[in-house]
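Since the structure comes first, as C-alpha cells, the remarks are kept for the end.
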Amino acid sequence: MDLIPAPLRVQPRPDAPPFVLHAGSRIAVAPGAEAAARRLRAELSAATGFDLDPAPAGEDGDLRLALDPELGAEEYRLSADADAVRLTGGGPAGLAHAGQTLRQLLGPAAYRSAPLPGADWTVPAVEVHDAPRFGWRGAMLDVARHFMPKAGVLRFVDQLAAHKLNVLHLHLTDDQGWRIEVRRYPKLTEVGGWRERSMVGFRAGGRRDDQPHGGYYTQDDLREIVAYAAARGVTVVPEIDLPGHNQAAVAAYPELGNTDVVDTAALGTWTDWGVSENILNASEATLRFYEHVLEEVLEVFPSTFVHLGGDECPKEQWKRSDAAQARIAELGLKDEFELQSHVIRHFDRWLAERGRRLIGWDEILEGGLAPGAAVSSWRGYEGGIAAASAGHDVVMCPEQHVYLDHRQADGPDEPVPVGWVRTLEDVYRFEPVPPQLDAAAAAHVIGTQANIWTEFMPTGREVDYKAFPRLAAFAEVAWSDLPRDPAARDWADFERRMAAHYPRLDALGIEYRRPEGPRPWQRRPGVVGRPLEGPPGPSAGVAAP
Ligand code: ACM
C-alpha cells in the first residue's frame with residue numbers, strides 16, 4: 001500500500017473484497033468527529049466529484065468517523081472492507097491523520113482538486129493502527145528572506161498535513177524583512193516589510209536583483225493561516241527573532257538599535273544575506289516595544305510555544321556601545337552574552353506569565369538558559385544534548401542533517417548549492433535522538449524539525465524543489481517507529497514506497513526534485529552558491545554566507 005509515513009501496524013487482507021467509494025456513498029459522523037468529517041468530505045468531494053452527503057440518522061454510512069477516548073490525541077485506526085471504511089481517532093488530529101491515510105489508499109487522484117474522467121476509487125481491505133513517534137513534527141519556513149504569499153503558505157500547510165507533519169514554524173522576522181503586521185508599530189511592515197534589492201546567490205558571485213522585494217501578512221491573514229492549519233492538525237508556531245537578526249526592525253524604528261555606535265536612522269532593510277551586526281539595544285524601552293509586539297503576536301497565535309530566535313547575535317555593537325556596557329553594569333552582568341540571556345530570560349518569564357512557553361535556537365544556552373525555555377538544536381546535536389540533560393525540552397533540527405536549503409545531490413546542475421550534500425537517503429537515516437542521551441533526557445526530545453531557509457529560494461517553486469521529496473523522508477523519521485540505528489533502516493523499502501509517493505506529489509502539484517536531478521528550468525546556471533566539502537562533521541558550524 002506504500003504508505004508514507006509508514007504506519008505503526010498495517011494488516012492487509014488481500015483475500016477480502018475491497019471497499020469502493022461511489023457517487024452514492026454517505027458519511028456517518030459520531031459526536032466529536034464533525035469537524036474532521038467536514039474536512040474529509042471537502043477534500044474527497046473535490047477529488048471525486050461525489051457529494052458524500054451525511055448518512056440519514058440511524059444508518060451506518062460508507063465512511064464512518066468516530067472518536068475513541070482510549071486512543072492518544074493523534075492516534076488513529078482505519079479499517080476498510082467491502083462494507084465501509086471506519087476511521088477512529090483519539091482526537092480531531094488523529095482523525096485528520098486517518099483521513100490522510102485514506103487519501104493515500106484511494107490513490108494519487110485523491111490529492112487532486114477536481115475529478116479526472118474514469119477515476120477508480122478502490123480501497124483495499126486493510127486494518128491500520130497508527131500513532132506518531134514524536135509530538136513535534138515540524139517544518140520551519142523562512143518567509144523573511146523571501147516572502148511567501150499567503151496562498152503559498154496555505155498550500156504548504158496542505159503539504160505538511162499530507163505527510164502528517166504537525167508544526168509549521170514560521171520565521172516571520174529577520175534582517176531582510178519583517179512579515180507580520182503589528183497594529184501599534186505600522187512602520188515594521190511599511191519600512192521593514194520590503195527591501196530595495198536582493199543578493200542573488202552567495203556574496204562571492206556578486207549578482208544582484210534590483211527589483212524591490214517584500215510582502216507581509218496582515219493579522220487576519222495569519223489568523224486565517226492558523227485556523228486553516230488547525231483544521232488540518234497543524235499548529236503554527238510564530239518566530240520573532242531576538243535580539244539579533246533585527247535590521248529590518250531597526251530600520252523601521254531606529255531607536256531600537258545601538259544608536260551610540262551606529263547611525264541607525266540611515267539603515268534600510270538589509271539587502272545582503274548573512275548575519276547583520278545591527279542588533280537591538282537591550283534597553284527597557286526596547287523590551288517594552290517587543291512586549292507590545294508580542295501582545296499582538298499572542299492574540300493571533302494560540303500555540304503554547306512562541307519562538308523568540310536568539311540565534312547568531314553578533315556582539316560587536318554591544319561591545320562598543322556605552323549604553324550597552326552601562327546596561328551590563330546596571331544589571332550586574334558579566335558580559336554581552338549575559339545581556340543576551342537577560343533579554344531571553346525576560347521574555348521567558350513574560351511568556352510564562354501568559355501561559356505560553358519560549359522556544360529558541362540553541363544559542364539561548366549561552367550565558368545561561370532561561371528556566372522554562374525549550375531549545376531548537378540547530379548547530380548540531382550538542383545544544384540539544386546539553387539542554388535535554390538539564391531537563392529542557394528539545395526539538396532536534398541539526399543543520400548537518402535537516403537543513404533543506406542544503407543541496408540534495410552533488411553535481412554542477414544542483415541549483416544554488418549551499419551547505420552539505422544531504423540526499424533523500426541521508427534525511428531518511430537522520431536520527432533525532434542521539435544515543436548518548438539516557439532515557440530521562442531522551443524523553444525531553446519532544447520532536448524534530450526540518451528547516452527551510454530561503455535566501456536562495458526566491459519563490460515557492462524553489463521551495464518545492466528543496467523541500468521535496470526530502471520532507472517525505474523527514475516525515476517518516478518524525479512519525480514512524482523506525483530503527484533508532486540509522487544503518488538498520490530499510491532504505492530500499494522506503495525507496496520502493498517513494499515510487500508510489502511521487503504520483504501523489506505530482507497530484508498535489510509539488511515541483512519536487514526528481515531522482516534523476518533537476519529539470520532544465522530547475523537549474524540556476526551562473527548563480528554562485530557556497531558548497532561545503534566532505535561529509536558534515538558532527539558539529540561543524542556554518543559561517544554566514
Ligand atoms: C539558524 O540557522 N540560524 C537557526
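Each ligand, and each atom within it, is numbered from 1 in the order the structure gives.
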Query raised in the report: Quick one: does Asp311 get an N or O within less than 3.5 Å of an N or O on ligand 1?
Result: yes

Query raised in the report: Salt bridge between Asp426 and Arg429, side-chain N to carboxylate O under 4.0 Å?
Result: no

Report task. Taking only heavy atoms of Trp453 into account, list the atoms of ligand 1 that are under 4.0 Å away from them. Result -> 1 (C), 2 (O), 4 (C)

Query raised in the report: For ligand 1, which atoms have a heavy atom of Tyr403 less than 4.0 angstrom away?
Result: 1 (C), 2 (O), 4 (C)

Query raised in the report: Backbone N or O of Arg407 within a donor-acceptor pair of the Arg422 side chain at under 3.5 Å?
Result: no

Report task. State whether the shortest distance between N or O atoms of Trp378 and N or O atoms of ligand 1 falls below 3.5 angstrom. Result -> no

Query raised in the report: Is Arg461 atom CZ crowded by more than 12 heavy atoms from other residues, nucleotides or ligands, each under 6.0 Å away?
Result: no

**Report entry** Under 3.5 Å donor-acceptor, Ser377 side chain and Gly380 backbone
**Finding:** yes

